[in-house]
Amino acid sequence: MTLPDTAANPAGADRTFQVDLRGLVDLLSHHLYSSPKVYLRELMQNAVDALTARHALDSAAPADALGIRLYADGSVVRVEDDGVGLTEADVHTFLATIGRSSKRADRLAEQRGDFIGQFGIGLLSCFLVADEIHVLSRSARTPEAPAVEWRGRGDGSYTVRTLPASARPRPGTTVTLTPRADAGEWTRPAQVHALARHFGSLLRHPVTFDDGTGGPGGPGASVNPEPAPWARTYPTPGTRSRALAAYGEDVFGFKPLDTIELDLPAVGLRGIACVLPETVPAGRRHGHRVHVKGMLLSEQAEELLPEWAFFVRCVVDAESLRPTASRESLYEDDTLAAVRDALAERLRAWIARAAASDPDLLARFLQAHHLAVKSLAVHDDEILRMLLPWLPFETTDGHTTLDEFARTHRTVLVTSTVEEFRQVAAIASAAGLGVVNGGYTYDRELVHRLPEIRPEASVADLDPATLTAHLDPVDRETELAAAAYLALARDALAVFDCDVALRTFQPANAPALLVDSREARHERTRSQLAREQEGGLWGDILGALRQEAPRAQLILNQLNPLVRAAVAIDEPELARTSAEALYGQAAMLSRRPLRPAESSLINRSFLDLLAHALRKDS
């Protein structure tokens, strides 16, 4: 930006900003537009808006007679339309003023919603690939209007001149670019054709491409030969469904599990949602392909659907959604929020239809996307009632549905963590207890809502006491014989706040079970820190008054041969070492993170047992 001469602008007088066009173009290329390729989208968009204005001016003009023609032969790129055109006054007003748009003109203000573009900077994107823009236009508003030529250059200068009407016999506008040498990637004929199809395949006006060779991309090659697939008629519903699925596969590169047709007349939105055939990571949101009035706006519009709908990818065309300044994403407003809610309702309705009439499709859908449905069921009572009986959970009976599980177990127990489930699963199953792994996202909350669907079912959190109550006690003689060993074991494991008990339980190949909840471990850690911080007489008094933190329990299995041999050991040090080894093995089987002291104990007990075995052999 440069400052005006102060001699021409005395102190206190209003001044006008002087724009450095090169700096502005650099700003656009690095911060507004994602790629130089958008120059063609902006030119095509301006052409579409010009055609829209032409129809508003002359509604009798046949739509199929007015179109857009593209030309690229490697030396020039040209975009020509049969739109409303520009007068000389329009050229001075709109092409020579940065940020001014013909769509803002008073005479078209009431029709602005009919235009794709709402910002007057689109033409500047051409400077991303060319140093000069040549515009030749003739207005359709005045029958005898002359042609007007405008040449704008990247240094900020421009020229305007009036030409005879013969220079452009028909109303409309032609924009011609002479690409820079470094812009060949975006201006080669094949690339221009590909970009035109990419951006304009769903445009409602006819668009043709010519590469000057007479080949496949020769004169009259259509960029958008057919309307959008959802706008066509088909002989049967099955034919329509297959056509939409084929279109989704062509756009996204995967064969949809199913396609959901989307139609919101209030905002002029139509399109399809393609259900992904495979599981996607939780929370991973896919971008959606959004067209506005036929022009591709974005392929990564995440904001179109709520977060839980990550099992679909959509391609839609809308009339009333607003693009941002870059026209590469959607403007977040009340309309977009309403569209998002309405599309979410369409997805819920599809799930409901599958649950009611297509159990095979529902089963395949839930196999791939049960996590997405669980996230929805937590907050949606209707989905909960429909699908909770169908959703798979990890249980002591294997992976099964809650409906099946509740038929076998009147009382359903649920763990709070994955490690807690893995710690008790085998033993609980042998004891006839029905336990569900509630450690995964949403699972514990959903299991607790089971009585809403099956009132006869009872759900409770798994308590360590519940499990130990189902383990059989040993006879009095056996317990007395093991008393000395158990005392040594308790003393050895006191550092871990762990009690030791002897029981019998299945499976017999499990030597020990460590019963310890995450909450209990946290409470013991908190109590220990409190004791260390308080200290002194008051610490002792408060320690005596404080409720004792819950202790862990190492339950030894009398049915296991290794445990029977261990409780018979009469060497105190060896008995202590064996108890530490049993504790370490049970801690590892629980699959919870080991504390440093526990890792040290496992290593020490292994080495001590190895040393004892070597001494015995020698």
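Here the structure is a predicted model, which means the values were calculated and not measured. These values consider heavy atoms only, across backbone and side chains, with no hydrogens, waters or symmetry-generated copies.
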Could you tell me which non-hydrogen atom of [X] sits nearest to which non-hydrogen atom of [Y], and how far apart they are?
{"X": "L330", "Y": "A301", "value": "CD1-CB, 4.5 Å"}
{"X": "L296", "Y": "R41", "value": "O-CD, 3.7 Å"}
{"X": "F310", "Y": "L276", "value": "O-CD1, 3.6 Å"}
{"X": "S429", "Y": "T396", "value": "OG-O, 3.5 Å"}
{"X": "A140", "Y": "G83", "value": "CB-O, 4.4 Å"}
{"X": "S375", "Y": "H379", "value": "O-CD2, 3.5 Å"}

Check this for me, if you would: do [X] and [Y] make a salt bridge, where the nitrogen-to-carboxylate-oxygen distance has to be below 4.0 angstrom?
{"X": "D381", "Y": "R449", "answer": "yes"}
{"X": "R204", "Y": "D317", "answer": "yes"}
{"X": "D443", "Y": "K374", "answer": "yes"}
{"X": "R54", "Y": "D58", "answer": "no"}
{"X": "R444", "Y": "D461", "answer": "yes"}
{"X": "D82", "Y": "R69", "answer": "yes"}
{"X": "R348", "Y": "E382", "answer": "no"}

To the nearest 0.5 Å, what is the distance between [atom1] on [X] and [atom2] on [Y]?
{"X": "L446", "Y": "F393", "atom1": "CG", "atom2": "CZ", "answer": "5.0 Å"}
{"X": "F405", "Y": "D397", "atom1": "CZ", "atom2": "CG", "answer": "5.0 Å"}
{"X": "I272", "Y": "W230", "atom1": "CD1", "atom2": "CH2", "answer": "6.0 Å"}
{"X": "D81", "Y": "T173", "atom1": "CG", "atom2": "OG1", "answer": "5.0 Å"}
{"X": "L304", "Y": "R340", "atom1": "CG", "atom2": "CZ", "answer": "8.5 Å"}
{"X": "L202", "Y": "R270", "atom1": "CG", "atom2": "CZ", "answer": "12.0 Å"}

**Report entry** Qualifying residues under side chain to side chain donor-acceptor pair (under 3.5 Å), relative to R407, sequence neighbours excluded
**Finding:**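 For R407 the side chain to side chain donor-acceptor pair (under 3.5 Å) partners, ignoring immediate neighbours, are D403, E404.
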Counting only heavy atoms not in [X], do more than 12 fall under 6.0 Å of its [atom1]?
{"X": "E456", "atom1": "CD", "answer": "yes"}
{"X": "E452", "atom1": "CD", "answer": "yes"}
{"X": "D182", "atom1": "CG", "answer": "yes"}

Requested in this report: Check L462, T415, L413, V436 against F421 for a side chain to side chain contact (heavy atoms under 4.5 Å, CB included) and give me the one that passes.
Outcome: T415
Query - Residue that, paired with V48, satisfies side chain to side chain contact (heavy atoms under 4.5 Å, CB included) out of L43, I68, V207 - result: I68
Query raised in the report: Heavy atoms, side chains only, cut-off 4.5 Å: are E302 and H288 in contact?
Result: no
Query raised in the report: Any side-chain heavy atom of L402 within less than 4.5 Å of one from L391?
Result: no
Query raised in the report: In terms of the angle between their ring planes, are F311 and H369 parallel, tilted or perpendicular, with boundaries placed at 30° and 60°?
Result: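 If you compare the ring of F311 with that of H369, the planes turn out tilted.
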Report task. I would like to know whether H205 and H55 meet ring-ring contact (aromatic ring centres under 6.0 Å, His included); could you show each step before the answer? Result -> CA-CA 11 Å; H205 301 286; H55 281 294; 5.8 Å; yes
Query - Expected output: side-chain Y39 to main-chain A130 donor-acceptor under 3.5 Å - result: no
